[in-house]
Number of protein chains: 2
Amino acid sequence: MGRHREFDVERALDAAMCVFWRKGFEGASYADLTEATGVERPALYSAFGNKEALFRRALARYDERYLGYIPEALRLPTSRQVVAHILYNAADLNTRYPDHKGCLGINGALAVSDDAEPVRQALIDFRAAGQALLRDRFERAKAEGDLPETANPDTLAAFVLAITHGMAVQAKAGFSREKLEAVAEQALSTWPEAGAKSAT
Amino acid sequence: MGRHREFDVERALDAAMCVFWRKGFEGASYADLTEATGVERPALYSAFGNKEALFRRALARYDERYLGYIPEALRLPTSRQVVAHILYNAADLNTRYPDHKGCLGINGALAVSDDAEPVRQALIDFRAAGQALLRDRFERAKAEGDLPETANPDTLAAFVLAITHGMAVQAKAGFSREKLEAVAEQALSTWPEAGAKSAT
DNA sequence: GTGGTTTAATAACGATCGTTATGGAAATGA
DNA sequence: TCATTTCCATAACGATCGTTATTAAACCAC
């Protein structure tokens with residue numbers, strides 16, 4: 001019983017996510033959030049909890065709505081294809097929306113006040129989870145002979161994510177999609193092949 | 001005429017720089033700044049101007065005190081040495097101080113509120129200046145036959161800086177120096193050589 | 001209808017933000 | 001020694017921060 005909710009929770013969450021994507025957790029104020037969602041503050045609190053909880057919901061939504069290319073990539077047959085798929089999709093996503101460039105996982109909270117430390121840590125964990133998936137995939141590639149015996153899956157995963165993080169920073173700085181794709185291509189040129197003499 | 005300043009301006013600036021390095025422009029409050037510098041608010045204002053001006057002074061100081069390895073790198077004989085010097089020094093700097101990891105040029109302001117947009121733009125320009133120096137150095141390397149004719153200096157510079165930005169993000173997330181060095185090594189692993197078949 | 005329950009909107013909460021007026025102490029030059 | 005100048009420190013400024021009472025409106029069951 002009782003009065004029904006008038007606004008669309010999912011739609012409000014999408015709008016809030018875009019605000020965080022653009023301004024980060026601390027840079028986004030409730031004034032921004034109410035304007036973007038069209039929902040007044042108390043309604044946001046009743047629907048999502050406080051700002052940190054709202055951000056975590058937004059991050060989860062970002063993951064499922066925009067980062068689907070990662071599990072997609074992991075299913076590709078070769079490690080090189082995996083990396084190419086990730087890098088080119090990252091270049092695309094980071095430049096697709098002029099109003100919120102870069103990556104929420106980076107923009108969200110990099111260096112923050114003490115109050116926002118839990119959010120910063122949540123993003124660190126979020127990125128670490130992606131890196132672990134990639135590392136496991138490279139372990140498999142090594143076992144399959146798709147990567148040389150000398151390859152270090154953990155380092156390779158860190159390398160690929162370093163590239164995506166760098167591209168995210170550059171996208172937020174206004175780099176074009178073409179420029180990011182060129183960076184991705186350069187990164188791919190260093191990729192070790194099964195029979196090669198790679199050092200790592 | 002008049003009383004003399006009691007605190008050391010340079011020392012206060014160093015302390016303020018470390019606060020910005022750790023928490024970024026918006027994450028650093030005047031409470032943080034006065035505590036770190038031991039200087040009360042009005043004295044900071046009279047010595048440096050407002051918060052934005054203080055940050056710009058801190059950024060300039062960061063440049064001259066910690067980024068000297070970049071002009072140093074540019075003077076090395078080969079492009080590969082240039083890149084190696086930059087990447088390994090970045091790995092070192094980003095992990096040297098446990099209390100302010102990463103890079104001020106990245107931590108300072110990535111995604112911020114509207115009020116801090118000028119500072120964010122200043123950091124974009126700051127990074128772009130470094131990238132331009134590197135691009136010019138690669139132009140020279142190309143002219144000298146140190147890089148293949150097919151090499152794209154602008155792309156290579158963007159690639160190298162993408163790596164440094166990615167390492168800065170990872171350092172802020174707690175990655176060890178050794179891990180960042182491994183990422184640097186991977187990035188260097190197939191640097192285009194003069195007689196090679198590089199695609200870019 | 002009517003009562004009970006949930007949502008919506010206005011407005012205010014205390015705290016902190018960056019910034020500055022104020023008053024007095026300290027150091028200078030005459 | 002005195003007048004002047006500059007700096008230091010306390011405290012307050014208006015604005016905004018995230019958060020929440022409070023009150024009015026809309027719904028469902030009875």
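Here is the naming used below: chain letters follow the sequence lines, and residue numbers restart at 1 for every chain.
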For nucleotides 24-30 of chain D, 5' to 3', base contacts (B), sugar-phosphate-only contacts (S) and non-contacts (-) with protein non-hydrogen atoms under 4.0 Å give -BBBSS-
Heavy atoms under 4.0 Å is the rule here; annotate nucleotides 11-18 of chain C 5' to 3' with B where the base is hit, S where only the sugar-phosphate is, and - elsewhere. ------SS
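The pair B/Asp14-B/Arg61 meets the salt-bridge criterion, with a side-chain N (NZ, NE, NH1 or NH2) lying under 4.0 Å from an Asp/Glu carboxylate O. Salt bridge absent: B/Lys142 and B/Glu139 never bring a charged side-chain N and a carboxylate O closer than 4.0 Å.
Not counting sequence neighbours, the partners of B/His100 by the ring-ring contact (aromatic ring centres under 6.0 Å, His included) test are B/Trp21, B/Tyr97. With sequence neighbours excluded, the residues satisfying salt bridge (charged side-chain N to carboxylate O under 4.0 Å, His left out) with A/Arg140 are A/Glu144. Scored by the ring-ring contact (aromatic ring centres under 6.0 Å, His included) test, B/Phe20 finds B/Phe55 as partners (sequence neighbours excluded). Judged as a salt bridge (charged side-chain N to carboxylate O under 4.0 Å, His left out), and not counting sequence neighbours, A/Arg127 has no contacts. Partners of B/Tyr45 according to the ring-ring contact (aromatic ring centres under 6.0 Å, His included) rule, which considers only residues two or more places apart in sequence or in another chain, are B/Tyr30. The side chain to side chain donor-acceptor pair (under 3.5 Å) test applied to B/Thr34 returns no partner, not counting sequence neighbours.
Within the structure, salt bridge (Lys or Arg N to Asp or Glu O under 4.0 Å) contacts touching residues 30-47 of chain A (residues at least two apart or in different chains) are A/Lys23-A/Asp32. Listed by first then second residue, pairs satisfying salt bridge (Lys or Arg N to Asp or Glu O under 4.0 Å) with a partner in residues 165-183 of chain B read A/Asp154-B/Lys179, B/Asp92-B/Arg177, B/Arg177-B/Glu181, not counting sequence neighbours.
Of the residues in residues 104-112 of chain A, not one comes within less than 4.0 Å of DNA chain D through any heavy atom.
Atom CG of A/Leu44 is separated from atom C1' of D/dT19 by 12 Å (rounded to the nearest Å).
Between A/Tyr88 and A/Glu185 there is a side-chain heavy-atom pair separated by less than 4.5 Å. For the pair A/Val9 and A/Phe48, the minimum side-chain heavy-atom distance is below 4.5 Å.
Remark on the helix from C/dG1-D/dC30 to C/dA30-D/dT1: inter-end axis angle 0°, axes from five-pair C1' superpositions, rounded to 10°.
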